[in-house]
Amino acid sequence: MSRSPFAAYPLIKDDLVRLCIKLMAIPPCQSWIHESVVARFIGLPIGNEYGQSESLTALLACLKKGYGGDIKRGTRMSTEHDPIQLENEKNDSGVSYQMWGKKEPFTRGKDSTVPLMRRPRWFKFGDNDIPEIGQQMDIVNELIGNRGPSSLNDDDPTITVYAARRRKKFYLNLYKGQEQDSVTYRNYDVPAIAAKHLWLWPEMKMKSHRIRHRSFSPEDLLVIEADFRLMIVSSNILGRGGKLILQDNALRPACNTRESRTPVVIGISPTQMPTVDRLTPPSPAATQHSPTPRSTDGSTTFPDALRLEFIKCTDDGTILWDMISELASLELLFQLVTTGDCSWDVLEDEMLTKGVDLPSNFQPIEVCSMTKTNLSNARRNINIARNDLMEHMGEEFFKPKHGELLFQWLRDGKGYSEGRRVEANNFTINPSSRARQLSIIAAWKIRHIFFCIQ
């Protein structure tokens with residue numbers, strides 16, 4: 001194996017000028033770009049012996065000298081650029097690179113079976129300030145569910161086990177733009193990660209300190225999701241399945257639905273590598289699907305946010321604790337609609353009176369367009385999700401009483417954790433005088449104490 005940086009020069013000699021122009025003309029990007037993604041974008045060739053990584057090495061060596069090849073052998077070609085040292089970030093071209101991470105395998109030529117092992121190069125395009133590569137990889141690891149210490153903090157894992165499982169399952173749907181299949185990911189995970197790294201978007205402000213989908217404006221969320229897609233692709237997480245395209249003079253991820261056939265190993269610490277979770281057989285409730293409502297008395301469109309797969313609080317036998325409050329909010333909302341005779345415009349006040357926030361992904365006004373069939377199906381899905389949650393809780397947790405709503409159960413549990421204990425309702429209001437009086441149960445217990453305890 002040749003150690004010369006010009007070893008793959010014959011592959012790029014005839015197309016040297018075009019490749020140099022295409023590399024140097026890449027527009028500014030807000031993310032560091034892995035060298036494999038750059039090589040695919042500019043279309044570096046693959047030979048029998050050398051691959052795209054070695055072709056890129058030869059191209060960078062030519063740019064550093066301003067030419068490639070040898071005059072005596074008649075192979076010399078000019079890059080039509082002044083000599084540029086791209087490893088120096090302060091060069092005047094606006095393009096630079098640096099080595100980062102541990103060694104990883106790079107595919108060589110078509111006749112080679114042993115990969116090339118070395119540290120990857122990460123490219124920066126433009127003079128803008130962008131996050132460090134380690135910070136970018138922390139964000140990407142959170143997006144794809146890689147559970148491990150961050151590159152800046154080695155003390156604790158960055159995300160919980162159940163959140164990691166959900167993100168591993170749905171991040172590809174976000175990349176592919178499959179909105180219906182990524183509702184849970186977009187409503188819970190994207191806002192949580194964005195709130196943690198809000199410094200990336202200094203012009204954005206959250207409407208409340210509560211981390212939820214509703215805390216961001218729809219326009220800001222679209223920008224955040226686009227930036228996250230770009231990070232996923234530019235970090236080479238998708239391998240050959242992730243490509244960048246030039247659109248409106250800016251780099252955009254190509255939403256290619258073909259996934260990489262070879263696993264990509266990013267050069268980070270071993271604790272940051274993806275963990276393979278042992279799957280458990282799905283419970284019977286997990287195989288149920290939301291009914292497709294049919295009706296003739298109005299719109300038959302059933303809101304995606306109310307489908308069973310999007311409101312369930314379990315995944316592969318794991319309880320998703322951060323989704324229980326959303327289910328509790330939906331349960332109370334439809335309880336008020338169907339039994340409390342509340343119109344949509346007073347639902348928020350009624351729920352806030354009870355100390356419950358509105359659902360993050362369903363607006364009360366949407367109730368107006370729902371038919372009776374859809375309302376019934378929504379309550380059915382909520383009840384199925386609740387029963388599924390109770391089945392997964394087993395005997396180790398206290399459960400809601402019969403007829404007790406989830407928000408009441410959560411309130412009691414949080415109060416107990418804060419040191420409050422269950423308060424006895426010893427008094428009631430006299431319907432005639434409106435004065436406080438002992439309840440029948442309290443009066444009976446006091447009578448029992450007086451006459452039965454000596």
Side-chain angles (χ1 to χ4, degrees), residues 170 173 177-191 207-208 210 212-219 221-222 285-315 320 322-390 400 403-410:
F170 291 112
N173 295 333
Q178 298 174 350
E179 296 185 1
Q180 183 173 344
D181 296 331
S182 60
V183 171
T184 305
Y185 187 93
R186 297 173 70 224
N187 286 340
Y188 292 97
D189 298 308
V190 169
K207 298 177 182 178
S208 70
R210 182 181 176 87
R212 51 192 292 185
H213 187 269
R214 197 190 300 265
S215 298
F216 295 87
S217 69
E219 295 78 12
L221 278 176
L222 290 177
T287 61
Q288 302 183 49
H289 299 281
S290 299
T292 302
R294 299 183 180 275
S295 176
T296 58
D297 58 349
S299 173
T300 59
T301 303
F302 190 75
D304 289 334
L306 300 178
R307 296 190 181 277
L308 181 59
E309 54 266 33
F310 298 141
I311 64 175
K312 283 184 62 178
C313 301
T314 60
D315 181 32
L320 309 179
D322 56 344
M323 296 182 65
I324 297 179
S325 59
E326 180 77 5
L327 179 61
S329 180
L330 287 171
E331 182 186 49
L332 176 59
L333 187 146
F334 280 90
Q335 176 81 3
L336 293 173
V337 169
T338 56
T339 63
D341 196 24
C342 292
S343 58
W344 71 268
D345 54 340
V346 298
L347 280 174
E348 183 170 8
D349 291 337
E350 289 289 333
M351 294 182 68
L352 292 179
T353 299
K354 299 179 182 297
V356 181
D357 291 326
L358 287 173
S360 61
N361 56 351
F362 182 79
Q363 300 286 345
I365 194 172
E366 296 182 65
V367 175
C368 300
S369 61
M370 294 181 66
T371 63
K372 292 182 178 179
T373 302
N374 285 352
L375 286 172
S376 175
N377 287 330
R379 292 207 65 186
R380 175 178 177 271
N381 287 347
I382 291 171
N383 290 334
I384 292 176
R386 173 180 169 135
N387 292 336
D388 176 69
L389 172 63
M390 296 302 109
E404 183 180 20
L405 296 180
L406 286 176
F407 88 90
Q408 298 169 317
W409 169 69
L410 286 174

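When a residue number appears, it is its place in the shown sequence, counting from 1.
- Taking the side chain as every heavy atom from C-beta outward, Phe407 and Glu331 never approach each other to under 4.5 Å.
- For the pair Thr314 and Leu389, the tightest heavy-atom approach, listed with the atom from each and the gap, is CG2-CA, 4.4 Å.
- Interatomic distance, CG of Leu332 versus CE of Met351, reported as 4.5 Å (0.5 Å rounding).
- One finds the CG atom of Asp388 at 12.0 Å from the CG atom of Asn381 (value rounded to the nearest 0.5 Å).
- Side chains of Met370 and Val337 form no contact here, defined as non-hydrogen atoms less than 4.5 Å apart.
- A distance below 6.0 Å separates the ring centres of Phe362 and Phe334.
- Proximity of Arg380 to Ile384: side-chain heavy atoms (C-beta onward) are separated by under 4.5 Å at one or more points.
- The minimum heavy-atom distance between Leu306 and Ala378, with the atom names listed, is CD1-CB, 3.9 Å.
- Within the 4.5 Å cutoff, the side chain of Asp357 has no heavy atoms near those of the Ser329 side chain.
- Atom NZ of Lys207 has more than 12 neighbouring heavy atoms from other residues, nucleotides or ligands inside a 6.0 Å radius.
- Closest approach of Arg386 and Pro400 over heavy atoms only: NH2-CB, 3.6 Å.
- Asn374 contributes atom CG, which lies 11.5 Å from atom CD of Glu366 (distance to the nearest 0.5 angstrom).
- Atom CE of Met323 is separated from atom CG of Asn187 by 9.0 Å, given to the nearest 0.5 angstrom.
- Inter-residue side-chain proximity for Leu336 and Lys354 is flagged as met; some heavy-atom pair is nearer than 4.5 Å.
- To the nearest 0.5 angstrom, Glu326 atom CD is 12.0 Å from Ile324 atom CD1.
- Nearest heavy atom pair, residue Leu327 against residue Ile311, reads CD1-O, 4.2 Å.
- Arg379 contributes atom CZ, which lies 11.0 Å from atom CG of Leu333 (distance to the nearest 0.5 angstrom).
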